[in-house]
Structures are given as structure tokens and as C-alpha cells.
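Some notes on the structure that comes next.
Protein chains get the first letters and strands the later ones, always in sequence-line order, with residue 1 at the start of each. The basis for the numbers below is simple: all heavy atoms, side chains too, and nothing from hydrogens, waters or symmetry mates.
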There are 2 protein chains.
Amino acid sequence: MPRAGLDRAAVIAAGAALADEVGFAGLTMGRLAERVGVRTPSLYKHVAGQEDLNRGIAALALAEAADAVGTATQGRAGRDALTAAAHAFRDFVLAHPGRYAATIGVEPTGPDDPITVAGLGVLDSFSAVLRSYAVPPAEMDHALRTVRSSLHGFATLQSANGFQWSADVDESLEWLIALLDRGLRSASPQ
Amino acid sequence: MPRAGLDRAAVIAAGAALADEVGFAGLTMGRLAERVGVRTPSLYKHVAGQEDLNRGIAALALAEAADAVGTATQGRAGRDALTAAAHAFRDFVLAHPGRYAATIGVEPTGPDDPITVAGLGVLDSFSAVLRSYAVPPAEMDHALRTVRSSLHGFATLQSANGFQWSADVDESLEWLIALLDRGLRSASPQ
DNA sequence: CAGCAGTGGCTAATGGCGTTAGTTTGTAGC
DNA sequence: GCTACAAACTAACGCCATTAGCCACTGCTG
């Protein structure tokens, strides 16, 4: 019988894909093992346990989100860049709800934690957008947190079906983008 | 041996309190039973199972959040009301991270679901704030979603220690509030 | 005050999941 | 081809959620 030929990256990638399909709560070691063609305990040769798997998926998801936002905003500036970033981020969360859910509630252990690094990558991608607005350097961190919070909140609420009533959700995203744009353009004069 | 004298509300309240202490993921039927002085299966006389318990906690948390925001904004208007609402909401999430986490990812089953009702209560509380801004009625839903998303995202990220680097988090909240205020005051002129 | 019903508690048992220990076996390098 | 390492396996444990079935306290009815 040939070996499965797994490694840590393959296990985490398969876990992320499975989480997207069955939901983060439905991601189980047994199901993941079946998915990659192996018995459950064999997974422990590649990941230390479910906690470690979750953290790996979270780091992957953050890195992918950073990449999606970064490439979407390439060569754009101002509102154009903000719009592209918001859509890229939101679309990523909707397309990969399970792996993004893994990022919620993970506590980075320190500055070398891959989760920390990937999280900073997301911020870098948004930084590039904000640099084309005239945000005073001293307020950059606040602006970054504001944009990140707004888009994180919007994407997770939409992903969880948190927007129930009638109005069109895409229109709401445009409205949010417009509000952020107005607010960022007038960032300096308190 | 005297009876414990539990009912559904008491079980859910104890579950919410326990979730705040040990984290939503650490909320287990066994721990909850021990907490209320009863054996695990006895809980099933009051809640249908863990799913039902979670939904009850979520509905409770949303109702409490709505109340916190509603009372904080009593008699206030405009930016004053927005500031009070934002702080009340954020402080509630920080003070009750476990029960608020229960609200993430629950899907309301229908219009009579207590979760739906409580969720609408939260929106009502924010609506009262937005009514003192000159948001065109047609855009009210979008404004509501924008404010809700921003505060939900900010509160959950802060609650999960998602803001790692140096800048003061309370200052960031003030900055977010200021941005929302600017954006809402100029809501109409595209 | 007695009896009766209902309800809230209990014990016992099941199945699934995460995890660990210990064993086998494929595979890469000499 | 032998050896050694790594990747798979089987077996077993403990925790958790859940169900079935039993018992006893409580409150109503006569």
C-alpha cells in the first residue's frame, strides 16, 4: 500500500478546504483524515492537534486575504483602491467562510507567531490603500483599525446571514465604502 | 434532598455567565451542570441540547446589548448619542465576551425566533441614534448596517486581542466614532 | 390530611471525538 | 540489500453530548 505523502502544508490546506465546505464547526479530525485518505491518528504526524490545525488554517486564511487585497489594489489609489480592497476582502470571506472563521478568536502567541505575521500582512495591504489618502501619520494606526474593523464586521455579519431584512447587501457595502471614503478624505480636520 | 429549582431562564443565564468566564468554546454541558449544582442530563429538562442553549444565550446577549445601547443613548442625539452607543456596545462585548460570541454564527430560524426579535432590538437601539442624523430614509438600512458592522467588528477584534500593536485602543474607538459621525452627517450628498 | 399526578432530579449506557502509546511498514541513503 | 527514519497503522482512554428509564419531591384535589 503506497503512502499518502502528506505534509503539514497539505493537511492544513485540506483542513481549510473542508472547513469552507462543512463550516468551521464541522471541521473534525476524523473527517479531515478521511478526506486526505488516512486514519485519524496519522494526522498527528503533521499537526500537533486540533488547536494547532486551527492556527495553521487561520494563518493561511490571513495570508490569502492579505494577498487578495494586495493584488486587487495594485495600481489603484484613493477611493478606487478602497473599493477594490473592500470587495476583495468581503468576497474572500464569503468564498472561504470556514477558513476565515478560524481566524476569529485565535490569540497570537507572540511576534514570531505565523498568525501575527499574516495578520500584519493584512494590515500592510490596507496600509497601501490608506497611504493614498491624506491621513496624518500619527492617526494611521487608528485609520487602519477603523477600516479593518468595518470590513471584518461587515464580511462576518454577511457571511453569517446577519443581514436579514430586505435592502440589498451589495448596495450596503457600497454605502459603507462611500462613508469610509468621505471619512478618510477628511481625516485630518478632527 | 432539596431540588435545585432550575428553569430554562436560570440555565441560560448560568450558561451565559460561564461562557463569559471560560470562553464560549469552554462552555460545556458538564461544566454548566456542575455550576448549577446538578448532574449533566438534568439540564436537558430545561434546554433541548447545546444548540438550544447556545441560541438562548445568543438571544439573551442580544437583548442585553440592545438594552445597554438603548439606555446609554437615552436623551442624547447626534454625535453625543453615537459616542454613547459605541461605548456601550463595545463595553458590553468586552465585559461579556462569551455570551456575545454565542451570537456569532447563529442563524435565525424565522421571524418569531427570539434571536430575530432580539437582533431587531439591537437595530432599534441603533436606529434611535441614526434618527438624529439627517440620513435619508431610503439609506437608513445601509447606514444601520454600516454602523452595526463597524462596531461589531471593532468590538470583536478588540475582544479577541486582535489589536496587537502599540496605539491606544480607546483612542482608535474615538477615531472610529469621529469617522462615522463625519460620514453620517454628510450622508445625503453622495 | 391523604392521595395522585407531574415534573425535576438521578443513574446507566451509547456513540462520537480528540488524543496518546506502541507497532508495523514503506522509502531513502549507504 | 541493509539500515534507519518517518509515516502510516491498530488499540485504547477519557471527555463530551445525548438518550432511556427510574425515583422522589412538590403541589393540587378531594
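As rounded to whole Å, 9 Å separates atom P of D/dA8 from atom NZ of A/K45. Regarding A/Q50, its CD atom lies at a distance of 13 Å from the C1' atom of C/dG16, rounded to whole Å. At whole-Å resolution of the value, CD in A/E51 and P in C/dT20 are 13 Å apart. In this structure, CG of B/D52 is placed 14 Å from P of D/dA17, rounded to the nearest angstrom. Distance A/R31 CZ to C/dG15 P: 19 Å, rounded to the nearest Å. Rounded to an integer number of Å, the gap from B/L6 CG to D/dC25 C1' is 14 Å. Atom pair B/R39:CZ and D/dC23:C1' shows a separation of 15 Å (rounding to whole Å applied). Protein atom CD of B/E34 is 13 Å distant from nucleotide atom P of D/dC15, rounded to whole Å.
Candidate nucleotides D/dC16, C/dA21, C/dG8 were compared by shortest atom distance to the side chain of B/T28, and D/dC16 ranks first. Here the side chain of B/T40 is nearest to one of D/dC9, D/dT18, C/dG18, namely D/dT18. With C/dT11, D/dT10, C/dG8 as the choices, the nucleotide that has an atom nearest any side-chain atom of B/H46 turns out to be C/dG8. Here the nucleotide nearest the side chain of B/Y44, chosen from C/dC10, D/dA17, D/dA8, is D/dA17.
Between A/Y100 and A/H152, the ring-plane angle classifies as tilted under the 30° and 60° cut-offs.
Side-chain heavy atoms closer than 4.5 Å link hydrophobic residues (I, L, V, M, F, W, Y) into clusters, and following such links, possibly through other members, connects A/F154 to B/V135.
Checked for salt-bridge contact, B/R35 and B/E21 meet the test: a charged N lies under 4.0 Å from a carboxylate O. Ion pair A/D181/A/R185 flagged as a salt bridge, since at least one NZ, NE, NH1 or NH2 atom sits closer than 4.0 Å to an Asp/Glu carboxylate oxygen.
B/S42 has a side-chain polar atom (N or O) that falls below the 4.0 Å cut-off from OP1 or OP2 of C/dC10.
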